[in-house]
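Note sheet for the following structure.
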Amino acid sequence: MGRGLVSVVFLSVLAGALSLPVTSRANDLAVIPLTAEQLKGIVPFAAVVQRNWKNWSQDNQTVSKLDLIAQMASPAYRGEDAAALVALEIYLKKNPPVDLAGAAAINDPKIIERYYRNVLKLRQAKRVLFANGQPTFELLQQGPVGDCYFFSASGWMARNRPAEVMNAITRLDDGRFRVRFANGDQATVTAPTDAELAINDSDSTLQDGLWMSVLEKATGTIQARSYSKSAAIPDPTVAIDTAGIPIGSVVKRWTGREVKMYHLGARVQRDQVRRALIRMQERKSLATSLLLHRPPAKLAYDHVYAIMGFDPETDTVTIWNPWGTDFTPRGPSGPENGYARKKGIFALSFDEFVSFYSYLAIEQN
């Protein structure tokens, strides 16, 4: 496939095949238990629910998930109030609408812990655009929302083209942000609220400032214009958690260039893909890859990764999992024990890559 119309048609044909579920199914995040000292002074979840119920319910008897999402863009909810709003919305993802008594009686340990962790995350967040002067790749960890298709490409840009990430965001005099991507997509958004930070971003990412949160909110706004599933979600940050976004569209959004797609797995043309990876390495092109189905290896699937490099001499592909975590296998690094990772980066053989992964999108520069 070449540039121009053929590439556009190929992207459209693959859009259905590249529909992404909202979450990745493997979980390798090490969870450190909360301490009594950390929880000291935090108002209990039930009490926060009770003091906010009138506003959340809008004088209705019950609240639903969408009722709460519609209020996440409000800056009125801060700290504990925002954390409880998000925790209750997460509970309602798997439960019917609740009344005040039912909401205040929630005792699911995961929901209560999520509330406390959100409070702590919001207290520690660096509330400037770039806390370290420019994007810090090493701090990036995808949060709870399933936006790996965007986060992976954005992380690659932060590491390899940080100036372009910075130039994409302009703070306006009224406190809003204008985001303009290289392909011309743009949106003007308000500053992310505490609820939007709590539902979407990891503690680590928020130590680098608000830039990723702003980009995600703008992306949700842009996608709502053309994707009905995003448009149906009444908050732009939450709207980024949408299935059906082609991975090539994000590469094109960031680079403004055409994107070439390659089938991997059973339909792979190995020599063609190897040549493409060599060109990618030589030209320092942005590339992402979707691992769609469960592979015969300890890898997260229904998940998008960034391609960080290819060494043709060793036939090794270097990949970034946007979870950004470290992992040391109990045994040799590889499919059986899992791949050794540092800040989400790991290496696997070309044969393993083309066998396990499903699609590859590469910027054509």
Closest non-hydrogen atom pair between K298 and E336, with its separation: CE-O, 3.2 Å
Rounded at 0.5 Å granularity, tell me how far CD in Q141 sits from CD in Q207. 11.0 Å
Heavy atoms only: give me the nearest A131-K126 pair and the separation to one decimal. CB-CB, 3.8 Å
Give me the atom names and distance for the closest heavy-atom approach of Q71 to W56. NE2-O, 2.8 Å
Among T190, D235, T193, T237, which residue meets the side-chain hydrogen bond (donor to acceptor under 3.5 Å, both in side chains) test with K217? T190
Set out, in order, the CA-CA distance, both residues' side-chain angles and the distance that settles salt bridge (Lys or Arg N to Asp or Glu O under 4.0 Å) for E80 and R51, then state yes or no. CA-CA 11 Å; E80 294 166 343; R51 78 186 184 196; 3.1 Å; yes
What residue among N55, D194, V119, N52 forms side chain to side chain contact (heavy atoms under 4.5 Å, CB included) with D81? N52
Between S349 and D315, do the side chains contain an N or O donor and an N or O acceptor separated by less than 3.5 Å? no
May I ask you to test the M308-N160 pair for a side-chain heavy-atom distance under 4.5 Å? yes
Side chains of T35 and K40: is there a donor and an acceptor less than 3.5 Å apart? no
So, do K65 and K94 sit near enough that their side-chain heavy atoms are less than 4.5 Å apart? no
Parallel, tilted or perpendicular: which one describes the rings of Y357 and F353, with boundaries at 30° and 60°? tilted
About how many Å separate OG1 of T136 and CG of D208, when rounded to the nearest 0.5 Å? 3.5 Å
Nearest heavy-atom pair of P296 and P335: which atoms, and what distance? O-CB, 3.8 Å
Option passing side chain to side chain contact (heavy atoms under 4.5 Å, CB included) with Y91 (candidates I112, I106, V86): I106
Would you say H303 and W323 make side-chain contact, with heavy atoms under 4.5 Å? yes
Minimum heavy-atom separation for A83 to N118, with atom names? CB-CB, 3.6 Å
Quick check: does any side chain N or O of T316 sit under 3.5 Å from a backbone N or O of A347, one acting as donor and the other as acceptor? no
T255 versus R161: any side-chain heavy-atom pair under 4.5 Å? yes
Has D147 got a side-chain atom pairing as donor or acceptor with F150's backbone, closer than 3.5 angstrom? no
Between the CE atom in M261 and the CG atom in L264, the distance rounded to the nearest 0.5 Å is 8.5 Å
Heavy-atom donor-acceptor pair, S204 side chain to L139 backbone, under 3.5 Å: yes
Side chain T205, main chain S202, donor-acceptor under 3.5 Å: no
Which value, rounded to the nearest 0.5 Å, describes the distance between R279 atom CZ and F310 atom CZ? 12.0 Å
Flag side-chain contact, heavy atom, 4.5 Å: I278 against R283: no
Can you confirm whether L277 sits close enough to F350 that some side-chain heavy atom of one is under 4.5 Å from a side-chain heavy atom of the other? yes
Would you compute the distance between atom CD1 of I319 and atom OG of S152 and round it to the nearest 0.5 angstrom? 11.0 Å
One pair to check against salt bridge (Lys or Arg N to Asp or Glu O under 4.0 Å): D108 and K110. What are the steps and the verdict? CA-CA 6 Å; D108 183 332; K110 292 182 179 179; over 6 Å; no
Regarding Q58 and D67, do their side chains bring together a donor and an acceptor under 3.5 Å, going by distance alone? no
D201 and E196: which non-hydrogen atoms are nearest, and at how many Å? OD2-O, 4.2 Å
Matching residue for S230 among T242, T221, D241 - test: side chain to side chain contact (heavy atoms under 4.5 Å, CB included): T242
Got a donor-acceptor contact below 3.5 angstrom from the N132 side chain to the Q134 backbone? no
Mind checking whether Q186 and V179 have side chains closer than 4.5 Å, heavy atoms only? no
Separation between CZ (F181) and CE (M157), nearest 0.5 Å, reads 9.5 Å
Check: L299 and L291 side chains under 4.5 Å, non-hydrogen atoms: yes
Hydrogens and angles aside, do Y339 and E352 bring a side-chain donor and acceptor to less than 3.5 Å of each other? yes
Stepwise salt bridge (Lys or Arg N to Asp or Glu O under 4.0 Å) check, R253 with E164: CA-CA 12 Å; R253 179 171 293 148; E164 294 184 28; over 6 Å; no
Any luck finding a side-chain donor-acceptor pair between S154 and W254 under 3.5 Å? yes
Would W320 and F346 count as a ring pair (Phe, Tyr, Trp, His ring centres under 6.0 Å) if you check the C-alpha gap in whole Å, the side-chain angles of each, and the deciding distance to 0.1 Å? CA-CA 7 Å; W320 181 56; F346 64 100; over 10 Å; no
